[in-house]
Amino acid sequence: MSSPFRFDPVQMPDVEPQLRAEVREFLAEWTPKFTPWKIGHSWTGLDREFSKAVGARGWIGMTWPREYGGHERSALERYVVIEEMLAAGAPVGAHWIADRQSGPLILRVGTETQKKKWLPLICSGEATFCIGLSEPDSGSDLASVRTRATRDGDGWRLSGRKIWTTNAHHAQAMIALVRTSGGPDDRHKGLSQVLVDLSLPGVEIRRIADMTGEAHFNEVTFDDVQLGPDALVGVEGAGWAQGMSELAFERSGPDRFLSAFPLMPLLVDEIAAAGEPDRLSARAIGRTLAELAALREMSVCTAGMLDRGEDPAQEAAVIKEVGVTLEQRMPEMVRDLAPGALPGAVEGDLAEMRAAVAQQAPTFSLRGGTREIMRGIMAKGMGLR
Amino acid sequence: MSSPFRFDPVQMPDVEPQLRAEVREFLAEWTPKFTPWKIGHSWTGLDREFSKAVGARGWIGMTWPREYGGHERSALERYVVIEEMLAAGAPVGAHWIADRQSGPLILRVGTETQKKKWLPLICSGEATFCIGLSEPDSGSDLASVRTRATRDGDGWRLSGRKIWTTNAHHAQAMIALVRTSGGPDDRHKGLSQVLVDLSLPGVEIRRIADMTGEAHFNEVTFDDVQLGPDALVGVEGAGWAQGMSELAFERSGPDRFLSAFPLMPLLVDEIAAAGEPDRLSARAIGRTLAELAALREMSVCTAGMLDRGEDPAQEAAVIKEVGVTLEQRMPEMVRDLAPGALPGAVEGDLAEMRAAVAQQAPTFSLRGGTREIMRGIMAKGMGLR
Amino acid sequence: MSLDTDTATLLADQLDRLFAQKVDAKLLRKVEAGEPAAALEAEVEALGLTLALVPEEAGGAGLAWSEIGGVLESLGRFVAPLALAERMAAGWAMAKAGMEVPEDVPLATWDRLTLSGDKVSGTATIPFGRPGAKVLATAGEGEAAKLVLLEIPEGRALPTIGRDPRLLVEFASAAPLASAPDPMGGEALPAALAVVRAGQIAGAINHALAESIDYGNTRVQFGRPIGKFQAIQHLVAEQAGEAAAAKAAVQLALRGMDEAPSWQAAAVAKIRAGLAVEPVSAVAHAVHGAIGVTEEHMLHHTTRRLWQWRDEAGDENAWSERLGRAAIAGGGGELWKTVVALSGGR
Amino acid sequence: MSLDTDTATLLADQLDRLFAQKVDAKLLRKVEAGEPAAALEAEVEALGLTLALVPEEAGGAGLAWSEIGGVLESLGRFVAPLALAERMAAGWAMAKAGMEVPEDVPLATWDRLTLSGDKVSGTATIPFGRPGAKVLATAGEGEAAKLVLLEIPEGRALPTIGRDPRLLVEFASAAPLASAPDPMGGEALPAALAVVRAGQIAGAINHALAESIDYGNTRVQFGRPIGKFQAIQHLVAEQAGEAAAAKAAVQLALRGMDEAPSWQAAAVAKIRAGLAVEPVSAVAHAVHGAIGVTEEHMLHHTTRRLWQWRDEAGDENAWSERLGRAAIAGGGGELWKTVVALSGGR
């Protein structure tokens, strides 16, 4: 018996060093403009001008067909770009979700009209998407959603509420998992995905402040919103399966272990400034590097799977499980290795960024599925029955 | 709402300092005779002469009535004696289980004949007891035991197998949980406790070597063993309830967080010998002291509950949960703070004792009930339903 | 933190009722926005609790440390936005030093100032500090250390993770309004403040546990309360163990402050309570899901105060190092005696 | 540790079959009692694997490091009681240094000896060492470091937690049978041995995981397989994450040894695999209960070898310190580049 998960080694394309150098050069221009607080927000941080600039470089929708504004590059090339962005803590929030999930979904199962309308806007950094999954009465239990789209002539009427939608107040569109037939007891059956233009009448967005005091989350209410015939994404009734395979994209990326990474360079400099590092500091940094290297190896392997058309659902769960443990430990590590002079104060670049990360850390293990959900997926994958 | 568990402060008796001094003086004579390997075995280590000497000082059956060889002292006085023994890593195994569990059980529910026969022998350090709970087909699921005692005239006939009985090969007697009526599907019903003289015909003891390479565990087979009418302990059919309240005694004692303690003084000396302690060492030692102090506070509180006739079943589960985490971490801490010169070698007092503790550590969380069992008890106690 | 006397129980109950009525996420957001909870402060003042630890003969309530556990727990449970715990500690230290304790008990800081002749200098963080009010501080070290009463100068608001007001001030050769030799060689105020913070942490932690249990029993997912899932049960059990240990450590420190005040007892409490913060809040948030981080939810406030409090009056790392260094210097042969002494044994 | 070539797959499969037939708890107990597994050693020798990493032109099998992952995994899975991994490493290092590799490839030690003129001195631990056999060692440091081939003197059996034979010997101005400048400035053998140990650890860990899954599906408690309990499922999931990470780290180190051998790649593998040992074995024992510690059960042997192997060829703490110090000296600006380079990116 071998490992129940496959992380087969991949060969990075020859263009890797050049592409990486380009991205680093680009980031070196932009990142000095961002505060440690903003950098600490990683991919939930949002900057429209930045996203447009990224789009102009051809780094959004990289793997998509040219006819929709894409660049027909490999998943591995895309990997190089996004890991560099995340490691630098660039505020990619305006294009992140669309590039990672919504765009690929539209490309895979969307109508020609949907593709023509949205993909080019995403690629240029102009269209921000959000995902409507959770509802007030259904947290992890997504199959119990109550938001309902009812047939109305050619189109649909949508009513219900979605919550914890990241950056909805900045988004043009949401792809929501809704019920199109049956009731909550039907569970996975009768669920569909619909694309909602958030500027439509009847859509109301309430911002929810999180621990950082900012509103990255929202509650979005649909009060009899009239959707056109083209709102359905993919096959009616196939929303559950479509949504789950979309989540695998969300889970396998380097955002599952790099959200807190920007703390590390500042921490290392702080340690170095204090003189010869002691065992505690040296060990923690070395250990973290080894953990990051292993996670990166696993993550690159799943990018290879995507290139080969394989489904990394199981591997993505493993990466999220291992990655989130490391990520949630990072703000604690900063505190343990570099105690600040003023107890509890959040002044200074490292302390400021640490505060931003620490206050988001409790949600690291929630987004993309809780630990309990991940471990359940893994157990099932390993054949525990 | 306050904490779901009660750890009410208690007042130690005035005799505490004097009693403690006596025990320390006694131990100072004996402990130089024991190897680090033996000390690393804590209460599974066994030395008949030592136990007799402890008995002669009146430190076994301390709380029991004088008429049965006891000394009518308080549970708090007993606490002082046993914590000193454990902290020193004295090989108390020959009297430990009898003093902690079997004796109190006999005293509470036993017949006059049982009390007169066994309690004085226990108090003098001459009688070693073991506990027969687990069976090959029932690990944590004690209610599914199959060993059966069948009425036979005035007495009983016993058949079946018990496993993981600590020190059975040194013991005179076992108190076993057996089925006296019904079948496995009756679960808790129809279970009784019987006292088995292990020298009887039909009793076979097979030693099982554990990680240390020694046989602390045994498998005991009963092949139609003829027991007298006096074998029943307590009420027929009440074995489950009797056994569970007996386990609370097992779980609340300082043996649930002090088994690995003897490592600590050696570790501290090793650190001191290496020069000015760094942050890593100083923090780990200071933190461990704080954790031990809190555990000791909780444990002393449960001794107070015993003195007041209260049942510390919930509190015992908490102590075991918190204590075992610390205890299992200790051999790792030694490795982290004082790496040996020869990789993997177990030479030198600290390395030798560490090896003994590390190789038993996996069972620390099994004995007295697994973590899963403990956490289930706690969840129930907190009203999670 | 069991309360031995009727007075103590009564006081804690009064405080619980008051806070239950007045302290909610809305009030906390106001305080964070810079609006002091003046009405609440006045009501608490009226209860006379600031003088709790001052002996009756010095005009106080004459309670023992072991009697104010419930009060500290209440302050923590409701993350009450006022400096009651600090003022109780200041009153105790002043009385212990033989200083006259004013009815308007001063604020307190854990920062140590330097002493040059009769003048004190240095930077201090003052919880709920405001210019013109008074603060008690420690100046100098060891046998020469003094407790000094100072008027608070202008300062600036220190941004913190807890977002409760913290005033950062600079004393430059300031003349104390009063001073006296520190009764614990410079340890009285740091130890007292560490104990009160540990008590608040234990209260807040036990509140987070209670909330997790409650949420576990009411929140339904996959057709049943999430508290029925074994994974959630085990997380909450882990949380309960940490909460119980933190509370036990505070209990022994409170007894220690009555019997033989020492920095060691304070260290045990602050270390153990501080260690519990991360696992307890992590589980609380895992159980609550996203709702727990929203500013409408009390857990949001509880968690941020826990993070703040564990850093203040010495974090668990700093106290551990000090306790550890002392133990290592004492040698292995003394280690068990130290454990016994730390937990009140003789 | 995917095997890219047919040869590699074939070899690993052969080894698996051989070990499955021959290596069990009984054999391991014999070896621990001092009786070498001579027959098994001869069979493995016959497969020609000791020369696996020696180029064909030097008389070897010419396999790449990334092709022997399966072999290392097999050695770990069965905790095979012989020095195959060490001899593969020695053969690789000798060939790389341009030394002639004897068909009877020498043993190896991770201990560094001192070099004085042409003579070497110092203490060495030699896995499965026996007097009269040959061992490859590193002598001296940095640019001056040499690989030295030595005859093993009389020594003494070192008691270890793994209880596999470890011979402790002392060289006093010993004259090497052969020597050559170390191709990695004194790092070749330590790095190679760290990688093989990490590979064995990953194999043993993935075995412990497989055993846990299997036991979870077969052991019945409370009327159902314990693997149905959510608590057990989550423990095994934690274990699986650690096992996958360890394996990935070994995979990248093997690739690194082929492309640009460095102590850094070895460090990543040994650190990550070493870190996984405690959580994986703790869960394995929690799942198995008491049966897993008995000497009849393979888990007993797997765990003790894991503890042994993580300590050898540099434990995760030592390697972490070295990697950490280098990164800290390099400065924060280089840190991400280091992560990319450590995992094979350019």
Side-chain angles (χ1 to χ4, degrees), chain B residues 1-9 12 16-17 20 80 83-84 87-88 261 264-272 277 279 281-298 300-301 315 317-319 321-322 325 371-372 374-380 382-385, chain C residues 2 4 66 73 77 206-207 209-210 213-214 216-217 225 227-228 230 232-234 236-238 240-249 251-252 255 267-269 271-272 275 316-317 319-336 338-340 342-346:
Chain B
M1 126 90 218
S2 185
S3 163
F5 308 101
R6 295 185 59 100
F7 292 98
D8 294 336
M12 272 280 177
E16 179 194 359
R20 197 181 293 283
V80 170
E83 72 172 350
E84 290 293 328
F261 180 81
M264 298 299 297
L266 296 185
L267 174 60
V268 158
D269 285 338
E270 185 98 359
I271 292 168
R279 281 196 298 178
S281 294
R283 272 188 203 179
I285 299 300
R287 173 194 166 141
T288 304
L289 288 175
E291 290 183 90
L292 284 168
L295 277 161
R296 186 174 175 275
E297 172 77 14
M298 292 195 271
V300 169
C301 292
E315 288 72 16
V318 179
I319 292 171
E321 160 75 14
V322 178
T325 305
R371 290 204 93 119
E372 286 65 43
M374 287 307 103
R375 291 179 171 179
I377 291 174
M378 289 169 73
K380 204 173 162 191
M382 290 185 285
L384 276 176
R385 50 187 185 258
Chain C
S2 129
D4 294 333
S66 49
E73 197 170 348
R77 184 183 314 146
N206 277 285
H207 174 67
L209 170 63
I213 295 169
D214 187 51
N217 281 333
K228 271 205 177 305
Q230 201 185 22
I232 298 293
Q233 293 191 344
H234 286 208
V236 176
E238 187 196 329
E242 288 296 304
K247 193 163 160 160
Q251 176 168 297
L252 73 86
R255 204 172 53 231
V268 167
I271 293 167
R272 194 59 192 87
L275 287 172
E316 71 278 14
N317 289 325
W319 281 116
S320 290
E321 281 174 49
R322 188 171 175 196
L323 196 61
R325 278 183 210 285
I328 294 163
E334 295 298 306
L335 200 68
W336 172 244
T338 302
V339 174
V340 172
L342 283 176
S343 45
R346 290 168 294 172

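On a predicted model such as this, the values are computed, not experimentally measured, just so you know. Here is the naming used below: chain letters follow the sequence lines, and residue numbers restart at 1 for every chain.
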Report yes if some heavy atom in the side chain of [X] is under 4.5 Å from a heavy atom in the side chain of [Y]; otherwise report no.
X       : Y       : answer
M264(B) : W336(C) : no
R375(B) : Q233(C) : no
K247(C) : F5(B)   : no
V268(C) : E297(B) : no

Which pair of non-hydrogen atoms, one from [X] and one from [Y], has the smallest distance, and what is that distance?
X       : Y       : result
M382(B) : I213(C) : O-CG2, 3.4 Å
G332(C) : D269(B) : N-OD1, 2.7 Å
A249(C) : A294(B) : CB-CB, 4.1 Å

Do you know which of [options] has the most heavy-atom pairs with chain B at a distance under 4.5 angstrom?
options                            : value
D214(C), L323(C), N217(C), I271(C) : N217(C)
N317(C), L275(C), I232(C), V236(C) : N317(C)
S320(C), A327(C), G324(C)          : S320(C)

Using 0.5 Å steps for rounding, measure from the [atom1] atom of [X] to the [atom2] atom of [Y].
X       : Y       : atom1 : atom2 : answer
L295(B) : R272(C) : CG    : CZ    : 7.0 Å
E238(C) : M374(B) : CD    : CE    : 16.0 Å
I271(B) : I328(C) : CD1   : CD1   : 4.5 Å

Of the listed residues ([options]), which shares the most heavy-atom pairs with chain C below a 4.5 Å separation?
options                           : result
A379(B), A293(B), A88(B), C301(B) : A293(B)
R296(B), R279(B), M378(B)         : R296(B)
R371(B), E321(B), E16(B)          : E16(B)
G376(B), G383(B), A282(B)         : A282(B)
L289(B), T288(B), V318(B)         : L289(B)

Tell me if a side-chain donor or acceptor on R325(C) pairs with a main-chain N or O of P277(B) at a distance below 3.5 Å. yes
Please look at [X] and chain C and tell me whether the side chain, the backbone, both or neither of the residue comes under 4.5 angstrom of a heavy atom of that chain.
X       : answer
E270(B) : neither
V322(B) : side chain
R20(B)  : side chain
E291(B) : both

Scan L342(C), L335(C), V339(C) and name whichever one has a side-chain contact (heavy atoms from CB on, under 4.5 Å) with L292(B).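 Checked L342(C), L335(C), V339(C) against L292(B); only one passes side-chain contact (heavy atoms from CB on, under 4.5 Å): V339(C).
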Is chain B contacted by the side chain of [X], its backbone, both, or neither, given a heavy-atom distance below 4.5 Å?
X       : answer
E316(C) : neither
L252(C) : both
R255(C) : side chain

